[in-house]
Amino acid sequence: MKTIDADAAWAAFERRDRSWDGRVIGAVRTTGIYCKPSCPARRPKREHVEFFLDAAGARAAGYRSCMRCKPDEVGREALAVTKAVKLIEQAEEAISLSDLAEAVGYAPHHFQRVFTRALGVSPAGYWRGLRAKRAAEALEESDQVTEAIYEAGYSGPSRFYADAKERLGMTPSAWRDGGRGETIHWTVVDSALGPLLVAKTPKGICRLTFEEDESALRRNFPNANLVADDGSMADLIEGVLTAIDHPQSAPELPIDVRGTAFQEAVWRELRKIPLGQTRSYADIARAVGQPGAMRAVGTANGSNPVAVLVPCHRVIRSDGSLGGYAGGLDRKRKLLKAEGADPLLI
């Protein structure tokens, strides 16, 4: 039987943590109302609140649903998003928002908000990401660029080229041919956590990893033009080192990463985790609308090409243990300590 960590639940309510919606219900004895953690209402005193695993438990104890945050809709929303994702992934062409919303039982504009809140991207954006992924896969497998473009779901080459310019950062031929024609500047710097590979395209940092060098870039971008830094990356490097040593003062740095629609949804959720806080793999799975995909979340974490800036080190196991980290657990502990995370974790 599941149990509730009351202190962790209360902390989630205090910070109005949306990733805990559907995971716990808070009920206020003085008002007789139960809410989800992200409820915008003013918080009651801690001693007046008890927690339940779900709304049914709260109702059985005599509480009624909050009219403001509508906690009973959380489960319905998660199911609707999951169903919508399946419909989008099974479709050969883009599904209109009105048809998608009707299929899951919502009004279009309301479902647009529900879907975007859950995955960090609109239904149309999810489709575009999926289509770009299919195009990349088709281009890798086919010598016929035009055929691959149509197979991926684009209406024609012009639409793909426009999308590729914004999303892929390479021409179709370059994507298929290991980054041919793309220029990547790189260097290895000494950091407080050891040697750090920093590589960038004109759009931003494309790889930030520990204990790697030019050979790692060559494996990932075998035909790109790799250029050793001549000093032009100084500001970017300074920002990266600040993110490690003094994360509270770190600047916003541009990144240029690409993955599957699911990977990118996970990476967006990682960037939402506040400094000094952590989330479990289950939390992230729920946040991206795939509550059963904890293993897939772990895989997406491990495939993160930009350490620190996409903070996969802030994801831990549900039992409070650190779990894994591509850079090693010692580095994970040091990163969390620098960010002011719970000392019990480190």
Between side-chain atoms of residues 235-243 and protein atoms elsewhere (two or more places apart, or another chain), which donor-acceptor pairs fall under 3.5 Å?
residue, atom, partner, partner atom, Å
T242, OG1, E238, O, 2.9

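Residue D319 qualifies as enclosed at atom CG: its count of foreign heavy atoms under 6.0 Å is above 12. At most 12 non-hydrogen atoms from other residues, nucleotides or ligands lie less than 6.0 angstrom from CZ of R317. For H110, the NE2 atom is densely surrounded, since the number of other residues' heavy atoms within 6.0 Å is greater than 12. Summarising the local packing, CD of Q248 is surrounded by more than 12 heavy atoms from other residues, nucleotides or ligands at distances under 6.0 Å. Within a 6.0 Å radius of CD in E102, other residues, nucleotides and ligands contribute 12 heavy atoms or fewer.
Contact annotation: the side chain of V308 approaches that of L335 to within less than 4.5 Å [non-hydrogen atoms, C-beta and beyond]. Proximity of S65 to K70: side-chain heavy atoms (C-beta onward) are nowhere separated by under 4.5 Å. Side-chain contact between V104 and F111: present, with at least one pair of heavy atoms (C-beta onward) separated by less than 4.5 Å. Proximity of W267 to V257: side-chain heavy atoms (C-beta onward) are separated by under 4.5 Å at one or more points. In this structure, P202 and H185 have side chains that are not in contact, with every pair of non-hydrogen atoms separated by 4.5 Å or more. Between L208 and I255, every side-chain heavy-atom pair lies at or beyond the 4.5 Å cut-off. A 4.5 Å side-chain heavy-atom check between T187 and M233 finds at least one atom pair inside the cut-off. Contact annotation: the side chain of R16 never approaches that of C39 to less than 4.5 Å [non-hydrogen atoms, C-beta and beyond].
In this structure, Y325 and A307 approach most closely via the heavy-atom pair OH-CB, 3.9 Å. Between P123 and Q112 the shortest heavy-atom distance is CD-OE1, 3.5 Å. What you find for F115 and V81 is that their closest heavy atoms are CA-CG2, 4.1 Å. Nearest heavy atoms, V24 versus A9: CG2-CB, 4.1 Å. Residues F210 and G327 share a closest heavy-atom pair of CD1-CA, 4.3 Å. The two residues L87 and A103 have their closest heavy-atom pair at CD1-CB, 3.8 Å.
Scanning for salt bridge (charged side-chain N to carboxylate O under 4.0 Å, His left out) contacts around R271 gives an empty result, with sequence neighbours left out. Every ring pair (Phe, Tyr, Trp, His ring centres under 6.0 Å) that F51 has, sequence neighbours left out, goes to F13. Residues meeting the salt bridge (charged side-chain N to carboxylate O under 4.0 Å, His left out) test with E211, sequence neighbours left out: R331. When the side chain to side chain contact (heavy atoms under 4.5 Å, CB included) test is applied to S280, the partners found at least two apart in sequence or on another chain are R23, A282, D283, S318. Remark: D229 pairs with no residue by the salt bridge (charged side-chain N to carboxylate O under 4.0 Å, His left out) rule, at least two apart or across chains. With sequence neighbours excluded, the residues forming a salt bridge (charged side-chain N to carboxylate O under 4.0 Å, His left out) with R15 are D17, listed by chain and number.
One side chain, S303 or Q263, offers a donor N or O that lies under 3.5 Å from an acceptor on the other.
Interatomic distance, L226 CG to T183 OG1, rounded to the nearest 0.5 Å: 9.0 Å. Rounding to the nearest 0.5 angstrom, the gap separating the CG atom in L309 from the CG atom in L253 is 5.5 Å. The line from CG of L197 to OG of S191 is 11.5 Å long, rounded to the nearest 0.5 Å. To the nearest 0.5 Å, atom CD of residue E264 and atom OH of residue Y126 are 10.5 Å apart. Here the CD1 atom belonging to I284 is positioned 9.5 Å from the NZ atom belonging to K272, to the nearest 0.5 angstrom. Of the inter-residue distances, the one linking C312 atom SG with L270 atom CG reads 6.5 Å to the nearest 0.5 angstrom.
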task: List the steps, then state whether side-chain contact (heavy atoms from CB on, under 4.5 Å) holds for L53 with I4.
output: CA-CA 7 Å; L53 288 171; I4 298 172; 3.5 Å; yes

field: Intermediate values then yes/no, side-chain contact (heavy atoms from CB on, under 4.5 Å), L322 and L336
entry: CA-CA 10 Å; L322 286 180; L336 291 172; 3.7 Å; yes

Worked verdict on I316 versus Y281 for side-chain contact (heavy atoms from CB on, under 4.5 Å): CA-CA 6 Å; I316 63 174; Y281 295 99; 5.8 Å; no

side-chain contact (heavy atoms from CB on, under 4.5 Å) between E182 and N225, worked out: CA-CA 6 Å; E182 185 80 358; N225 179 30; over 6 Å; no

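Here the side chain of K200 pairs no donor or acceptor atom with the backbone of C206 at under 3.5 angstrom. Under the 3.5 Å distance criterion, the side-chain polar atoms of K332 are matched with a main-chain donor or acceptor of G324. A donor-acceptor pair under 3.5 Å links the side-chain atoms of D230 to the main chain of S232, judged by distance alone. Side-chain atoms of W20 do not come within 3.5 Å of backbone N or O of A8 as any donor-acceptor pair.
Hydrophobic cluster membership of M67, counting Ile, Leu, Val, Met, Phe, Trp and Tyr whose side-chain heavy atoms lie under 4.5 Å apart directly or via other members: none, as it forms a cluster of its own. Through direct or indirect side-chain contacts shorter than 4.5 Å among Ile, Leu, Val, Met, Phe, Trp and Tyr, Y34 is connected to I25, F52, Y63.
One hydrophobic cluster holds both V189 and I244 under the rule that ILVMFWY side chains link at heavy-atom gaps under 4.5 Å. F221 and V227 are members of different hydrophobic clusters when ILVMFWY side chains are connected at heavy-atom separations under 4.5 Å. I33 and W10 fall into different hydrophobic clusters, defined by Ile, Leu, Val, Met, Phe, Trp and Tyr side-chain heavy atoms under 4.5 Å apart, directly or through other members. Hydrophobic clustering (side-chain heavy atoms under 4.5 Å, transitive across Ile, Leu, Val, Met, Phe, Trp, Tyr) keeps I88 apart from L97.
Sorted by first and then second residue, the side chain to side chain donor-acceptor pair (under 3.5 Å) pairs with a member in residues 305-314 read H313-E339, R314-E339; sequence neighbours excluded. For residues 212-226, the set of pairs meeting the salt bridge (charged side-chain N to carboxylate O under 4.0 Å, His left out) definition, not counting sequence neighbours, comprises R207-E212, E214-R218. Listed by first and then second residue, the salt bridge (charged side-chain N to carboxylate O under 4.0 Å, His left out) pairs involving residues 38-60 are R59-D72 (not counting sequence neighbours).
Ion pair E89/K86 not flagged as a salt bridge, since none of the NZ, NE, NH1 or NH2 atoms sits closer than 4.0 Å to an Asp/Glu carboxylate oxygen.
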